[in-house]
Each structure stands twice: as C-alpha cells, then as structure tokens.
Visitor: 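Sharing a structure here in structure tokens format.
Proteins come first, then strands; the chains are lettered A, B, ... in the order of their sequence lines, and each starts at number 1.
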Amino acid sequence: MDRSPKPHKFTATSTIDCRHDSATAKDLFHAMTINYWLMKSEPTTFSIDDLADQPDQTTCWEGVRNYQARNMLRDDIQVGDRVLFYHSACKVPAVVGTAVVSKSGYPDPFQFDRKSKYFDEKSDPENPRWYLVDIKLEKKFDRPVTLAELRERAGLKGMVLLQKGSRLSVQPVKKKEFETIEKLASKPA
DNA sequence: GCCAACGTTGGC
DNA sequence: GCCAACGTTGGC
C-alpha cells in the first residue's frame, strides 16, 4: 500500500522542464490549477477560533493517521489550494470557514515524537509514513453552514462528506461545491 | 450514550 | 487471502 515519497514540490514559480520525466502530467496539472478540499476538526480539540489565534493564523495539520487521507496530504494538496474548515463530532456539525494551503506535504514530525499521542513506532524516518500540510485561515464564515443544510441542497448531493459512512478527515471537494457553500455562508440561514 | 460504518490487525 | 475481532469516527 505504501508508495515511497516522490518529489512533487511544484509551485507557481517553479520552472517545469518537460524534457525530464519527473514533471508528469499530474505535476503540470497541479501547477496550473487550484484544488479544493475539506478538512475535519473536532472543535473541542482545535476549532476555527483556535486557528484564528495561531501566529500568522497558520497551523500544521498534524495527526492524520489514515492512508487515504495521507496520500492526499502527501501527493495531491498544493500551496494555494483552498480548504473548507469543518467542525465534526460536536453539537452542530458545520462548515465554519475557509483556509488556504500555505505549505504542501511534508513528514508529520509528531510521528517521531515518543511523547506525542501521534507517535508511530513503525514509521521509519528514512521513509516516513505520515504527512501533513500547513493551512492558513482565509475567512471565518459569518455563520456556520450546517451539515443539515448541506444535505438539503440538491447540488451538494455528490459531496464526499454526505456519502453514507464517509469518515475521511481530509477529502476532495468540487469547485462548484466549494462555491455553493461559500455563497450559503454569505446569506442568512 | 448508542450504534452504524469503516479501517486495521492478526490468526489461520 | 480470508475473516473475525477490535478500535475509531462521528451523526444522532
């Protein structure tokens, strides 16, 4: 299941030389497009207000220990991508704001920290198992857009979040979905 | 607190 | 490789 890490650090300012096979079509695609994601956090652990209180309103998204989510953190999520910040496992599950990716995938340092609850003794520093990205607060919504509200929207039916049994804590979102939710947030409930 | 759904582990 | 047991997620 594990693939070894591969170089993938293309940013808007990177020079992409297509004569080398290191620049794949996927890398080119990433360099030219913004992608959209949703990240879940339990507000009792880390809320959007906690994010707002961080230095530079930026945090590293540590502790993801699911391989599917890991693959996205390591391979797919790029600087400039936009993120829906979702409060889960709480009274009113809701999208509560947006963030922007400020640093793309790098090894989660907590996996090597014996004192951390995210310590993983099976992870080899030469071939780290877990990755994370940094995100910066973009906007805290004027009001939460609740899960119940998302379910009512026909246009959002396809969202990963709304699929039965969906538990991924990092998940892709379509541009249309992202914009729909932003628009909902700007209108009274 | 309940429980459905999912992921991981480990015996065979 | 199968699958039962267990742990976790997360809405309700």
Visitor: Name all residues meeting the side-chain hydrogen bond (donor to acceptor under 3.5 Å, both in side chains) criterion together with A:S47; count only those two or more places apart in sequence or in a different chain, and write none if there are none.
Guide: A:D50

Visitor: Would you say C:dG11 has OP1 or OP2 under 4.0 Å from some side-chain N or O of A:Y86?
Guide: yes

Visitor: Would you kindly give the CD-to-P distance between A:Q68 and B:dA5, to the nearest whole Å?
Guide: 18 Å

Visitor: Rounded off to whole Å, could you give me the CG-to-P distance for the A:L150 and C:dC12 pair?
Guide: 11 Å

Visitor: Rounding to an integer number of Å, can you tell me how far A:R129 CZ sits from B:dT8 P?
Guide: 10 Å

Visitor: Quick one: do the A:D75 and A:Y131 side chains pair a donor with an acceptor below 3.5 Å?
Guide: no

Visitor: Whole angstrom is fine here: how far is it from CG in A:N66 over to P in B:dA5?
Guide: 18 Å

Visitor: Examine C:dT9: is either OP1 or OP2 under 4.0 Å from a nitrogen or oxygen in the side chain of A:K40? Give yes or no.
Guide: no

Visitor: Look at the side chain of A:L147 and decide which nucleotide, out of C:dG11, B:dT9, B:dA5, has an atom nearest to it.
Guide: C:dG11

Visitor: Closest approach to the side chain of A:Y67, judged atom by atom: which nucleotide of C:dG11, B:dT8, B:dA5 is it?
Guide: B:dT8

Visitor: Would you kindly give the CD-to-C1' distance between A:E121 and B:dT8, to the nearest whole Å?
Guide: 15 Å

Visitor: Measure CE/A:M159 against P/C:dG11 and give the value in whole Å, please.
Guide: 12 Å

Visitor: Do you know which of A:R82, A:K139, A:K187 makes salt bridge (charged side-chain N to carboxylate O under 4.0 Å, His left out) with A:E182?
Guide: A:R82

Visitor: Expressed in angstrom and rounded to an integer, what is the separation of A:H87 atom NE2 from C:dC12 atom P?
Guide: 17 Å

Visitor: Starting from C1' on C:dG11, measure out to CD on A:E149 and report it in whole angstrom.
Guide: 17 Å

Visitor: Among residues at least two apart in sequence or on other chains, which ones pass side-chain hydrogen bond (donor to acceptor under 3.5 Å, both in side chains) with A:W130?
Guide: A:D120

Visitor: Among side-chain atoms of A:Q54 and A:T59, is any donor-acceptor pair under 3.5 angstrom?
Guide: no

Visitor: Given C:dC12, B:dT9, C:dT9, identify the nucleotide with an atom nearest to the side chain of A:R151.
Guide: C:dC12

Visitor: Verify the contact: side-chain N or O of A:K164 to OP1 or OP2 of B:dA4, cut-off strictly under 4.0 Å; return yes or no.
Guide: no

